[in-house]
Amino acid sequence: MSEHKDFLRTIVKEDLKSGKYKEVITRFPPEPNGFPHIGHAKSIAINFGIARDYQGRCNLRMDDTNPTTEDIKYVEALKDAVKWLGFEWDQDVRYTSDYFPELYEYAKQLVKMGKAYVDSVNEEEMRLLRGTITEAGTRSKYGERSVEENLDLLERMKKGEFKDGEHVLRAKIDMSAANMKMRDPILYRIKHAHHYRAGDEWAIYPLYDFGHCLSDYIEGVTHSICTLEFENNRDIYDWVLDTLELTPPRPYQHEFARLGINYTVMSKRKLLELVEGNYVNGWDDPRLPTIAGYRRRGYTPESILNFCDTIGVAKANSTVDVSQLEFCIRDDLNAKVPRVMCVLNPLKVTITNYEGSENLIASYYPEDVPKEGTREIPFSSTIYIDREDFSENPPKDYFRLTPQQNVRLKHAYIITCKEVIKDNNGNIVEIKAEYNPDSKSGEDRSGIKVKSAIQWVDAKSAKKVEVRVYDRLYKNEMPEGIEDLNPDSLKIMTDAYIEPAVITQRPDERFQFEREGYFYADPIDYTNEKPVFNKIVGLKDSWAKKTDVKPARGQRSSVEKKPQVDGEVVPMSLEEKALFERYVQELKLNDMVADILARDEKLSSFYEATLFVYNSPVAIANMVANEVARELKDKEVNELKFSATQIAELVKLIDEDTISTKIAKQVFEEMVKDGGNPVEIVQAKGLVQISNPVEINPIIDAVIAQNPDNVAKFKAGNTKLLGFFVGQVLKATGGKANPQVVNELVAKKLQ
RNA sequence: UGGGGUAUCGCCAAGCGGUAAGGCCUCGGUUUUUGGUACCGAUAUUCGGGGGUUCGAAUCCCUCUACCCCAUCCA
């Protein structure tokens, strides 16, 4: 677990510490109506990760309340995804559909409590009655039905006596709620549909808002973690559990931001469109952000998990850069995977001064990867190199083979280009070269310096393979639809050659093809006759970046900051205006503070009351407008634990220099929490401030002696550090030193 | 236009009144038989804007702005 906990873990930890729950139970609750993608992976990592970190449990629950869209094949895919990522759910997989009988009993209970009713308006009418975002809705006349009638109707709905849409069961909450979700949400609808699991037993099915919270409760879930779009649903979640007066403990819902990645789409709808429109080859197409896709492409579970870890968990909508994901897979594979040579775009090279053949011995791993293993690489006079590694007219800083520049064949010899052979169209078809017999890798006596070593394969022994080179599916950073698809997202290299050991020995499933990237033996299409490799991700390529004319990615076109226009401030009423004027003119308050007080009746009356006790208009105004205002935001004056008189006393203590403003804050917090007289609090806690330089100076000296580096930095001009020293001294005195005095003394000492 | 959220570097993200963490990306450099890796170094005088409180504000107060979610019998 990392040092900095995300906000969810902070909540869990506090709940455990406070004894709210004895054990943490989370759950991953997907609806089995689509293939899991990397966004699900984030949720899996959070839910299962929290359970693991706090010795709790995590359930896997299929939220299967909509029989018309759900399917068993998706539950299998979901289970696979969790397992593949390395997590184990608690006991068996759970299904909301298993709770249907229980849920139904809860529904009946709500009806009996008069908190739910059967409504019989049609969809159109219901929408009309719901009102709008700014206008209240109206309850339909069926809201007045008796408990008996509701119970009877509900039972008959369940039995299937009515047609789809004829009735629904709704919670009776508030048709004028500002939160639209609370305008009598639907609990059950009639659906004569076959459920893949519950069969044909039910003619009614619960909706999310009813089924989810209760399923959490039934399972004993403590922290119900979901994505941001459910924030508005939290009110219903709480309403259902509270209204039913269930025995505690009950779960609470917490929301985090869903994952977005640039150059990809994540919505079920868009993913489905890609698959059904055959823009990709199935749900496991390696270009898709589905778990199945990443898996087929060759991503490791470790890399996905690590990605989820590095992106963090927060509540701000965000889009993570794909490069972050790419980094994670490279980082993982770099330490694990054998290096082999594969030529993607072969160019024939004939070594005219070499005769016969030999087997070179080469390690599968570079020196910096602490793994063992070697293979033999056949070498003879006819080899292939990559077309990219030869240039007749090289650009500046080109390190590879040219008519003027030698290059080393990795693990083999240094060669020199002697002749370039072209076809009738001027295309290079072959290089005639000579090798240096003294330059054999590992026993080089040639003394020749080369700029680089390139991959190659022996023409006779190399195996022909298919290499599928994947690029990002979309050409736009924030793709909308099909029109944003990258036409070059898949290139099939049918003429690639690989060194024989990869096929005959198969030392691994994943490889680094030297200087190209990481590749994966396709788990489905690969055969010994026709090996197929998928490109997982390329190596970082600082040469390509240099050659690229396009601005490097990560550098967005600079958006100039447009000046921010400020909106109109609501004008003051006549009374407020008069008050404001009096505060400014007579009491000499500054405009801002006067404005805050004048506009808020609660504050201004509190202020006047305080003033009546102790006449220090400016200091009290500041205290009221800043500190008291915070407490009065969502409270009434009579709910406060402190009084105007006590605030007056507090300000007096500051005015008299008994306490500093810093201590005053501390005292105020105490008053907010437990009430009490400020003078007594100060006495009880011994908070009287220390202003005597004789007492303070030694402490300053000690702090200065302990932080020579910062003293040097300060003297070098980093004046911000003054705050650091003041802070240290204050800390040493338990906050009691007079900060103003400390400030002056420190400044003087550090001159 | 009502309600609920969110704004800290190009992208994520810590920070909760006392020196603006870290990762990715980018840019230099060292090492290198991968233009890889590793390693060093650079990159926010400033936290959406403007005010206020304070010795001291990304953090507290006021205000404005921008973006996201909500009016499926989806989840």
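What you see is a predicted model, and the numbers here were worked out from it, not measured in a lab. Convention: sequence-line order gives letters A, B, ...; per-chain numbering from 1. Just the heavy atoms: all of them, side chains too, but no hydrogens, waters or symmetry mates, feed the values below.
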Whichever of A/Glu627 and A/Phe7 has its nearest RNA chain B nucleotide further upstream toward 5': A/Phe7
Any A/Asn317 side-chain N or O less than 4.0 Å from OP1/OP2 of B/A7: no
Could you tell me the Watson-Crick or G-U partner of B/C67, where both distances fall under 3.5 Å? Say none if there is no partner. B/G5
Does a side-chain N or O of A/Lys451 approach OP1 or OP2 of B/U33 to a distance below 4.0 Å, or not? no
Rounded C1' spacing from B/C60 to B/A66 in Å: 23 Å
So, A/Phe511 versus A/Phe519, ring centres under 6.0 angstrom or not? no
Using the P atom on both, measure B/C70 against B/G52 and round to a whole Å. 39 Å
Which value, in whole Å, describes the distance between the P atoms of nucleotides B/C40 and B/G49? 34 Å
Would you tell me if any nitrogen or oxygen in the side chain of A/Gln740 comes within less than 4.0 Å of OP1 or OP2 on B/C55? yes
With the threshold set at 4.0 Å, does a side-chain nitrogen-carboxylate oxygen contact exist between A/Glu229 and A/Arg258? yes
How far does the P atom of B/G15 sit from the matching atom of B/U30, given to the nearest Å? 39 Å
Whether the side chain of A/Lys662 and the base of B/G18 hold a donor-acceptor pair under 3.5 Å is what I'd like checked. yes
Determine whether a donor-acceptor pair (one donor, one acceptor, N or O, separation below 3.5 Å) exists between the side chain of A/Glu516 and the base of B/U34. no
Considering only atom C1', compute the distance from B/U54 to B/C61 and round it to an integer number of Å. 12 Å
Counting any heavy atom closer than 4.0 Å, what does A/Asp368 reach on the DNA or RNA strands: base, sugar-phosphate only, or nothing? base
Parallel, tilted or perpendicular, as decided by the 30° and 60° cut-offs, for the rings of A/Trp543 and A/Tyr398: perpendicular
Closer to the 5' end of RNA chain B via nearest nucleotide, is it A/Ile311 or A/Leu325? A/Ile311
Do the side-chain N and O atoms of A/Ser97 and A/Asp64 include a donor-acceptor pair separated by under 3.5 angstrom? yes
Could you check which of B/C74, B/G52, B/U6 has an atom nearest any side-chain atom of A/Glu31? B/C74
Atom P, compared across B/G36 and B/U26: separation rounded to whole Å: 11 Å
Base of B/G50, side chain of A/Asp566 - is there a donor-acceptor contact under 3.5 Å? no
Give a yes/no on whether any side-chain N or O of A/Lys540 is located under 4.0 angstrom from OP1 or OP2 of B/U34. no
In terms of side-chain heavy atoms, does A/Gln512 have a donor or acceptor partner in A/Tyr518 at a distance below 3.5 Å? yes
Check whether the side chain of A/Arg400 and the base of B/G35 form a donor-acceptor pair under 3.5 Å. yes
Presence of donor-acceptor pair under 3.5 Å, side chain of A/Thr661 and base of B/U54: no
Which of B/U33, B/G2, B/C55 is nearest the side chain of A/Ile133? It is B/G2
